[in-house]
Amino acid sequence: MVERTPLINLLTHAVLLLGLVILMAPLALVVIAASHDFKTVNLSPMPLIPGGHLWENLRAAWVGNNFGQVMFTSLVVAFGVAAGKIILSAMSAFSIVYFRYRLRMVFFWIIFITLMLPLEVRIVPTYAVAANALSPYQGLIDALASLVPAISIKLPEWNLLNTYQGLILPLVATATGTFLYRQFFLTVPEELTEAARMDGAGALRFFWDVLLPLSKTNMAALGVIMFVWAWNQYLWPILVVTDQNHFSTATMQLSKAVPGLAFGEPPVWNTAMAATLIVMVPPLIVVILAQRWFVRGLISTEK
Amino acid sequence: MEKRVTFNNLWIAAAFIAPQLFLVFTFFYWPTGQALYWSLTLEPPFGGGNQFVGLQNFKAVFADPHYWDSVIRSVIFAITVTLLSVGFAAVLALFADRNLRGHQLYKFLYFLPYAVPAAAVGLAFRFTFTPEAGFLGALNHLHPGLWDPTRNGWQALLQIILGQSWKMAGYNFIFLLAALQSVPRPVIEAAAMDGAGVLRRMREIQLPLITPTFFFLFVINITDSFVDSFGMIDVTTKGGPSRATELMVYKIYLDGFESKDYSLAAAQSIILMLLIVVMTVLQFRFVERRVHYS
Amino acid sequence: MTQISLNGLSKSFGKNTVIPGLDLDVQGGEFLVLLGPSGCGKSTLLRLIAGLETASGGDIMIGGARANQLEPRERGCAMVFQNYALYPHMNVRQNIGYALKVAGVPRAEREARVAEVAKSVGLGELLERKPAELSGGQRQRVAMGRAMIRNPKIFLYDEPLSNLDARLRVAMRIEIRKLHQKLGTTTLFVTHDQVEAMTLADRIVVMNKGVIEQVGTPAEIYSNPASTYVASFVGTPGMNLLNGDFDAGAATIRLKDGQVIALPKDASPPLPSGPLVCGIRAEDLATGGAKGLNATLQFTEELGASRLVHTLLAGETVIAQHAGTQPPAAGAAITLQADVRKLHLFDAVSGRNLGHPGGNA
């Protein structure tokens with residue numbers, strides 16, 4: 001458009017630049033603080049010109065926090081949650097969309113309602129379940145046994161505390177992905193299903209040969225978003241991991257990253273910021289590399 | 001919407017949905033039911049089964065002034081965070097959508113904060129706002145003790161508000177930009193031909209056309225502020241100083257895991273759940289009322 | 001009566017050149033139609049005039065003054081967009097009156113003008129409706145009302161009828177033409193539909209790949225196309241085009257299969273021997289007769305009043321008007337009689353019109 005609006009253009013650039021400074025400042029400060037030595041970082045205000053101790057601090061933070069193991073744990077959890085979501089939600093959406101049975105809508109709503117209440121508001125009882133994942137079923141059996149004593153069974157305990165399953169499964173148990181797939185499946189033309197059936201494909205074959213290849217972008221979007229979401233989880237990991245000295249995720253580790261205050265010493269901000277940097281780099285990299293999918297996933301899982 | 005063409009093999013249907021139902025039952029419905037059960041019962045001090053006590057736990061919660069403090073703080077937190085981050089993101093999205101030089105870089109960088117773990121955001125802000133070092137600490141050169149979020153509750157609250165707003169601004173930016181981009185270009189061109197300048201078009205054409213997105217974001221931001229502030233609080237203030245940043249979820253955590261009072265924590269969980277459900281229902285009402293422009 | 005002159009006007013998007021450089025004069029009060037297939041640059045040309053795109057080079061003169069640097073609102077143009085581009089959150093009254101509101105016209109005067117315009121486009125009853133509650137034709141009228149209310153110097157239409165069903169399209173076409181007769185405002189109308197172009201235009205500009213192929217009245221464009229492109233694009237069906245070799249001595253054209261079309265000796269065009277393309281319209285090609293060009297009938301198109309036969313002649317599809325009532329079955333041999341004085345000859349390489357037998361070049 002032909003527009004002679006030099007003042008408004010100037011304003012636009014100024015606003016956008018200011019926005020950039022505000023949004024990047026905390027990230028920049030983390031990097032700068034992580035590059036100073038102990039003395040410089042505790043100056044007030046801290047010098048904004050980066051120092052030369054970045055690698056040294058990163059190494060100290062890496063070793064001090066046992067990040068080799070911790071990052072591995074976080075990677076496993078993030079991949080596990082992403083993969084679990086992609087697989088389970090594709091399957092359940094397929095069942096809901098492509099079959100017709102009486103309980104279909106009931107299941108649909110059962111899964112749908114889980115969207116409403118995030119894990120954070122039901123931490124206490126979920127924790128109890130994680131301590132023994134079979135307790136819900138024991139509870140059911142006990143309830144039945146009070147009516148029919150003959151079926152009283154004692155299930156073994158299945159403790160999920162301090163395990164990968166405990167970190168991953170409760171995070172998979174929501175409906176986000178199911179909805180993404182459901183919406184997508186509903187847009188797949190009926191003719192495609194008809195054509196596949198004419199060609200003799202059954203449900204499994206249609207799912208595998210037609211629907212899954214068509215869902216690639218949705219899978220990528222869901223995978224990226226879930227990876228970042230799972231990596232950034234904090235509350236659930238600190239609950240389900242009770243033995244934090246031997247098993248820990250990256251974000252959890254940050255709660256231990258600022259020692260010092262309790263002993264009257266100045267906190268070791270430079271290594272703490274180096275640890276922060278290490279923890280936030282993986283999701284940032286994923287989002288930077290897969291920006292399109294991230295944005296797409298975000299928008300389609302929320303609406 | 002329904003598919004006309006479906007498959008008949010219901011064994012497959014059952015097998016495909018079973019894992020999801022299993023997870024959802026184990027980790028969602030059972031715990032939620034459990035929370036309800038605990039909120040209505042009390043564990044006797046000397047063992048034995050829980051005893052039904054009606055609404056006694058809720059009464060205890062409502063009688064606790066600390067609980068109301070946490071509610072008020074959560075509401076202040078949620079509303080300020082929402083206004084700050086949605087407003088900030090809206091300004092950026094409106095200007096970025098002008099597509100002047102460099103707009104792609106801005107659009108690329110603006111949403112990065114949302115990818116940063118809340119705990120890392122918390123730590124970064126804690127450092128920036130720390131009274132001994134960092135930046136705002138420099139205020140103490142003017143007057144000792146002028147800035148100290150470890151002692152001043154309001155400053156501590158401000159710190160987590162800014163942290164959460166910063167993180168959510170990136171999220172809101174993505175949605176607002178997408179909404180602005182979905183406004184048909186010719187509508188804006190028509191307004192330009194009708195004589196409306198840049199700022200006037202923003203005010204009278206673009207903003208009114210993305211109001212549904214604003215409603216949606218208000219609800220999401222408020223809900224998120226209620227439930228998703230734990231990580232930030234835990235690494236920055238741990239609810240302190242003297243409970244000044246003890247928001248609802250953090251109080252549930254303290255009561256449930258530090259004080260081991262499951263019944264009290266469960267009652268609070270139920271209240272929070274109801275609150276969230278109300279918010280979600282509100283959101284759906286708005287979604288339904290969304291004007292469909294064609 | 002505002003004139004528009006485009007001098008060496010060009011437009012590129014990055015490396016992609018849409019309009020390489022174009023000259024055009026639009027007379028004051030004229031109804032000019034820009035015709036061409038999608039992607040030919042006709043919409044871009046319109047948007048350049050409107051000020052919605054910035055020219056890469058050349059001049060846009062509106063009413064004798066250079067307008068390149070003028071903002072859309074300063075050019076005195078009003079535009080009707082393809083999808084109408086109505087403001088979805090405003091009702092009909094607000095949509096039509098928005099330009100006046102922006103211009104700061106007092107409310108009472110604004111209301112009066114809106115009522116007047118709404119009445120003239122037949123929307124008097126619908127002022128409080130939102131665009132979503134209107135039919136396609138009604139939206140179209142709102143868009144026209146919105147354009148009219150500013151008393152523009154120039155009307156620009158960007159394929160405004162393409163979203164309407166066939167009947168409504170014909171009706172709106174008549175209304176647009178009537179509006180032009182009433183107001184006499186200089187009008188540019190973009191379309192890819194040649195019937196629309198023929199019925200509306202004072203003059204048609206046929207565009208292809210950002211270049212003007214021909215400017216002329218509908219009759220000129222039809223009866224004297226400047227190139228094979230125009231010949232095949234305009235008319236239903238388009239002109240038949242056959243490759244052949246011209247023999248200047250014998251005054252004949254030899255088709256690819258060896259058949260010969262003899263031109264009248266007295267009217268043979270002064271061309272050197274060599275390959276060319278000869279074109280002939282279906283109505284100048286009759287079926288039947290003992291002698292003539294031998295072709296194979298492929299199928300028949302029944303049009304009610306007449307019928308068209310699609311035939312295969314010298315390896316190319318040729319459409320002719322069938323005189324009789326009962327055409328032969330598909331696959332049958334058929335003879336075609338060409339009215340050689342209506343033949344058009346085109347350059348085999350450039351496609352430019354070389355004139356026709358007995359006619360001017």
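Labels below follow one simple rule: chain letters A, B, ... track the order of the sequence lines, proteins then strands, and each chain is numbered from 1. None of these values were measured; they are calculated from a predicted model.
- Taking the six-membered ring for Trp and the full ring otherwise, the centers of A:Tyr137 and B:Phe25 sit less than 6.0 Å from each other.
- Summarising the geometry of B:Trp30 relative to A:Ser135, their closest heavy-atom pair is CZ2-O, 4.1 Å, with the distance given to 0.1 Å.
- Contact annotation for B:Ala265: only side-chain heavy atoms (C-beta onward) come within less than 4.5 Å of a heavy atom of chain A.
- Residue contact with chain A, scored on non-hydrogen atoms closer than 4.5 Å, is absent for B:Ala266.
- The 12-atom threshold is not exceeded at CD of B:Gln104, counting heavy atoms of other residues, nucleotides or ligands nearer than 6.0 Å.
- With a 4.5 Å cut-off on side-chain heavy atoms, B:Phe95 and A:Leu11 count as touching.
- The contact between B:Phe88 and chain A is made entirely by side chain atoms (from C-beta outward), counting heavy-atom distances below 4.5 Å.
- A donor-acceptor pair is defined here as one N or O able to donate and one able to accept, closer than 3.5 Å; no such pair exists between the side chain of A:Arg122 and the backbone of B:Met273.
- With 3.5 Å as the limit, one finds no donor-acceptor pair spanning the side chains of B:Tyr29 and A:Thr114.
- Residue B:Ala15 touches chain A through its backbone alone, counting heavy-atom pairs closer than 4.5 Å.
- Looking only at side-chain heavy atoms (C-beta outward), B:Thr26 and A:Leu169 stay at 4.5 Å or farther from each other.
- Taking the ring centroids of A:Phe99 and B:Phe16, they lie at or beyond the 6.0 Å cut-off.
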